[in-house]
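Here's the structure we're looking at; comments come further down.
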2 protein chains.
Amino acid sequence: MIERDAEATRQRLLAAATIEFSQYGIAGARVDRIAAAARSNKAQIYHYFGSKNGLFDAVFGGHAQAAVEQEYFDASDLPGTAGWIFDNYEEHPELGRLVLWYRLERAGDAASIAALERANLAKIEKIRAAQEAGLVTDRFPPAVLLGLILTLTAAWTALPPEFAVLEREVPAGDRRGYVVAAVRRLVEP
Amino acid sequence: MIERDAEATRQRLLAAATIEFSQYGIAGARVDRIAAAARSNKAQIYHYFGSKNGLFDAVFGGHAQAAVEQEYFDASDLPGTAGWIFDNYEEHPELGRLVLWYRLERAGDAASIAALERANLAKIEKIRAAQEAGLVTDRFPPAVLLGLILTLTAAWTALPPEFAVLEREVPAGDRRGYVVAAVRRLVEP
């Protein structure tokens, strides 16, 4: 019962921290706001996670692990795969911001990198096989193709306001189709 | 003489603030570090810029204005234009991080948006004309094409560490060529 309570508290802290970090980043996040939102206290945060950086790593690592486990990746259908990744960003708008904060404030320290890198290496091998089978252009090395595809799928995430024109002129329902079409042009043999 | 000193101080503060904001963002930036690096003091920062946000807006607005004035954009040669933008990011690595911080911490507040949006609207009209002349695909609306091109040119800026594989496998000298080739595939009629 005590262990179950502890796990429930830990999960509430991770959920509250996801929202706080997504909004304010690491330097801007307030540990006391996270504690209050999770009906916990600062002492428990330091007990479970060691530090604010440790809490961020737990939040980011959890999302990265879930991404690695759930991710769909079909190298014989890279446009469809891009559509899947696009949908995932749309369903979890906080993820795009978390990734940006991670790149700016924490890149190089998070323990989750190894899992992400292994997942990327597996994708690169799948793309290489699809190239050898003639399904995908060999104009780009497989690692470059993966980087370009992931970049395009995130194109609409957290658009800066000087692209308000894109928001106005392009109905939200059309965006997925443009990303898929762009990846199709990029990868066609 | 006094006015010239004041302008020199202001320029030193802007240069020091560019480095500090690029590294730490707005919440993480320390006004006293900026003042020390510029051989100035906090009172002068508040006198010239009003607040830490005001200082960030001056830094970002200055770079945005310079970008708008200097930018090369030839809609009849979008791959070459992408190469030019890529070079600009390579020459000014602090800009990519500043843009990310701006998106996360300050989007919607900076006065520089109007100038950037006008510049983007002008580019969109150029792309529309190139489409009507048959030089560029009409598969995408011109605003979408601009967004996709700018996304691709920034693909290598501040690569996250789980893409270390990209750094290892792709020599730095080859990256520009891949970005240009990707944009060529995207825009061909």
Side-chain angles (χ1 to χ4, degrees), chain A residues 23-29 64 97 99-105 107-110 112-121 124 137 139-148 150-152 154-156 158-166 168-170 174-175 178-179 181-182 185-188, chain B residues 23-29 64 97 99-105 107-110 112-121 124 137 139-148 150-152 154-156 158-166 168-170 174-175 178-179 181-182 185-188:
Chain A
Q23 184 68 38
Y24 299 105
I26 301 175
R97 288 179 62 92
V99 170
L100 291 182
W101 290 115
Y102 161 75
R103 284 168 59 169
L104 288 166
E105 296 193 300
D109 293 304
S112 46
I113 295 172
L116 287 173
E117 191 169 19
R118 272 196 306 276
N120 282 332
L121 284 170
I124 287 166
T137 180
R139 173 67 184 81
F140 307 94
V144 171
L145 216 39
L146 178 62
L148 293 172
L150 294 181
T151 301
L152 285 172
W156 252 287
L159 262 191
E162 65 271 20
F163 279 100
V165 59
L166 258 180
R168 286 195 305 270
E169 290 198 4
V170 185
D174 293 352
R175 292 171 194 173
Y178 292 131
V179 167
R185 281 178 160 248
L186 186 67
V187 305
E188 62 193 356
Chain B
Q23 184 68 39
Y24 300 105
I26 301 175
R97 287 179 62 93
V99 170
L100 291 182
W101 291 116
Y102 161 74
R103 284 167 61 168
L104 287 166
E105 296 193 299
D109 292 303
S112 46
I113 295 171
L116 287 172
E117 191 168 19
R118 272 196 307 276
N120 282 331
L121 284 170
I124 287 166
T137 180
R139 172 68 185 79
F140 307 94
V144 171
L145 216 39
L146 177 63
L148 293 172
L150 294 181
T151 300
L152 284 172
W156 251 288
L159 263 190
E162 66 271 21
F163 278 99
V165 60
L166 258 179
R168 284 197 304 270
E169 292 199 4
V170 185
D174 293 353
R175 292 170 195 173
Y178 293 131
V179 167
R185 282 180 160 247
L186 186 67
V187 305
E188 64 192 355

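Proteins come first, then strands; the chains are lettered A, B, ... in the order of their sequence lines, and each starts at number 1.
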Check your understanding: What closest approach, in Å, do B:Arg185 and A:Thr137 show between heavy atoms, and which atom pair accounts for it?
Key -> NH2-OG1, 3.0 Å
Review point. Taking all atoms of both residues into account, what is the closest heavy-atom pair of A:Phe140 and B:Tyr178, and its distance?
Key: CE2-O, 3.4 Å
Check your understanding: Between atom CZ of B:Arg97 and atom CG of A:Leu100, what is the distance when rounded to the nearest 0.5 Å?
Key -> 11.5 Å
Review point. Which distance, rounded to the nearest 0.5 Å, do you find between the CG of A:Leu152 and the OG1 of B:Thr151?
Key: 7.0 Å
Check your understanding: By side chain to side chain contact (heavy atoms under 4.5 Å, CB included), which residues pair with A:Pro142, not counting sequence neighbours?
Key -> A:Ile124, A:Ile127, A:Arg128, A:Gln131
Study note, to complete from the structure: Residues passing the side chain to side chain contact (heavy atoms under 4.5 Å, CB included) test with A:Ala119, sequence neighbours excluded, are A:Val68
Check your understanding: Are the side chain of B:Arg139 and the backbone of A:Ala181 linked by a donor-acceptor contact shorter than 3.5 Å?
Key -> no
Check your understanding: Would B:Leu104 and A:Leu104 count as a side chain to side chain contact (heavy atoms under 4.5 Å, CB included) if you check the C-alpha gap in whole Å, the side-chain angles of each, and the deciding distance to 0.1 Å?
Key -> CA-CA 10 Å; B:Leu104 287 166; A:Leu104 288 166; 3.6 Å; yes
